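A short worksheet on the structure shown next.
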Protein chains: 2
Amino acid sequence: MMRVMSTRIADTIRERIEQMIVTGEFSDGERLDEVKLAEQFGVSRTPLREAFQSLAASGLVTLEARRGAFIRHPDFVELVEMFEVMAELEAMCGFRAARHVTAAQMHAIARTIEACEAAIAKGDFDEYYRENETFHHLLYEASGNRFLASEAARLHRRLKPYRRLQLRANGRMPQSMREHRAIYSALERNDSKAAAAALRTHVAIQGERFNDLMASYRQMASLKTG
Amino acid sequence: MMRVMSTRIADTIRERIEQMIVTGEFSDGERLDEVKLAEQFGVSRTPLREAFQSLAASGLVTLEARRGAFIRHPDFVELVEMFEVMAELEAMCGFRAARHVTAAQMHAIARTIEACEAAIAKGDFDEYYRENETFHHLLYEASGNRFLASEAARLHRRLKPYRRLQLRANGRMPQSMREHRAIYSALERNDSKAAAAALRTHVAIQGERFNDLMASYRQMASLKTG
DNA sequence: GTCAAATCTCTTGTATACAATATTATAGAG
DNA sequence: CTCTATAATATTGTATACAAGAGATTTGAC
């Protein structure tokens, strides 16, 4: 889980631009100016172009030949689609985890659930987000399918900013915690179908959650164009 | 489906290297020599490095900081894992397609099935592979979830060389065709669960198919080290 | 005043030069 | 002979220079 420190400028730049994108510093469709950004970061265009490619690979920007890199915020429909796939991937993780999870993994999962609840009690949002992420990553690992785990983690990461807004938008945390416990319980009983169903519910956008996301999306949209 | 012609050297290089990787011209773990390849292709290192990044994004090579780009053939376990995820993604496509598929899409799917059968009758393998790919891509589109479709297509593409070997290894084509018809039938009846199940069976590696893949993998492995 | 064509500028794509790090070879000590 | 430290070499990472295409602007015709 610990990131290895890289001395590559391109990687650093990539992270900084990603942060800027995620915090809504660019509007949708905006072109990323190579020379301006290079100047701003005090580097040449070379590492910037590498960063652009990397960002394009994770879908945050699109590269158009001889036109440049353009910010690509998912529209609302795409966002729903992405959450739908995320739900299914997590369900798959849960399904498999119910059979493959080890005692040590169950212990670690239990610990993050408690840490989440403690964070809520303290009102420490950042702590909650961190522990929540750990919870999900542990689940991916517990699937026993490392490729699945990496794909799930990739999409999870991509959805991070939207999930965060969604949760912050209203007091969904207690409900989310109950779902965590339901997932844990299903794993404990080695009930694959229940685990899959619990995770699908936990992640999917349906009912009021749909409205929550829409609200948070509008909020982001207003940031973007502002 | 038609690829737009790009004049970027980097893109051309990327495709050529990908082709070389896929046809087993590099051994697993082999380092791709920037200067040698640049010379070989008659270009500078710049577009080569871009191609490396792109290849890394699709998982064909891994980039190690200040060490270079290394060929990353999936080992057998990883391959099975990837097919497992592919099966689930296709099942998801089928599940959704059973509800969303249009008459025009059904027509197009029927046409590719017939084209597949005609290709088998003619003994035209390349034709079969092309039509089979179209069949699956049509299914992805029919899911009505464009993000899902793009993710499925991405993984499908990544698995292409292995699927090809697997099919060629033995006379699985007739069975595969029966499964295509079963999928079509499920879609026609708007039976989501049946469509999902049929696709899971079609793609998943289980029973004898496991042995087929293992055999073809050994074949590739011998190519790689040879 | 509007439209089209040509030119000019700006931006990306590629090549090359330079810097910094990893790998290998070599020399020396034990 | 082996192990370690140091130097030499090779390779990647970054900067800069150059080439080429896209977009903007100006000029001209109608």
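It should be emphasised that the depicted structure is a prediction, and the values quoted were computed from it without experimental measurement. All heavy atoms count here, side chains included; hydrogens, waters and symmetry mates do not. Sequence lines set the chain letters: A, B, ... in the order given, protein chains first and strands last, and positions in each chain run from 1.
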Rounded to whole Å, CZ of Arg8(B) lies from C1' of dT14(C) at a distance of 10 Å
For Asp11(B) and Arg8(B) the tightest heavy-atom approach is OD1-NH1, 3.1 Å
| Is there a side-chain contact between Leu139(A) and Leu199(A) (heavy atoms, below 4.5 Å)? | yes
Side-chain atoms of Ser44(B) come closest, of dT16(D), dG13(D), dT14(C), to dT14(C)
Nearest-nucleotide check on DNA chain D, Thr46(B) vs Leu32(B); residue mapping nearer the 5' end is Leu32(B)
From CG of Asp33(A) across to P of dC10(C) the rounded distance in Å is 12 Å
Asp28(A) side chain to His73(A) main-chain N or O, any donor-acceptor pair under 3.5 Å?
yes
Rounded to whole Å, the CZ-P distance (Phe52(B) to dG13(D)) equals 10 Å
Glu50(A) atom CD is separated from dT12(D) atom P, nearest whole Å, by 12 Å
Closest to the side chain of Pro47(A), out of dG13(D), dA15(D), dT12(C), is dA15(D)
Taken to the nearest whole Å, CZ/Arg14(B) to P/dT14(C) is 15 Å
Here the distance between atom C1' of dA15(C) and atom CD1 of Ile13(B), to the nearest Å, is 13 Å
Of dT21(C), dT16(D), dG23(D), the nucleotide closest to the side chain of Arg66(B) is dT21(C)
Taken to the nearest whole Å, CG/Leu48(A) to P/dT14(D) is 11 Å
Side-chain contact check for Arg67(A): nearest option of dA15(C), dG23(D), dG13(D) is dG23(D)
From the list Thr23(A), Ile21(A), Val22(A), side-chain contact (heavy atoms from CB on, under 4.5 Å) with Glu25(A) holds only for Thr23(A)
Nearest heavy-atom approach of Ala149(A) to Tyr140(A) is CB-O, 3.5 Å
Against the side chain of Glu34(B), the closest entry in dT12(D), dT11(C), dA15(D) is dT12(D)
From CG of Leu63(B) across to C1' of dT11(D) the rounded distance in Å is 14 Å
query: At under 4.0 Å between heavy atoms, what does Val35(B) touch on the DNA or RNA strands: base, sugar-phosphate, or nothing?
result: nothing
Ranking dT11(D), dT12(C), dT14(D) by distance to the side chain of Arg45(A), first place goes to dT12(C)
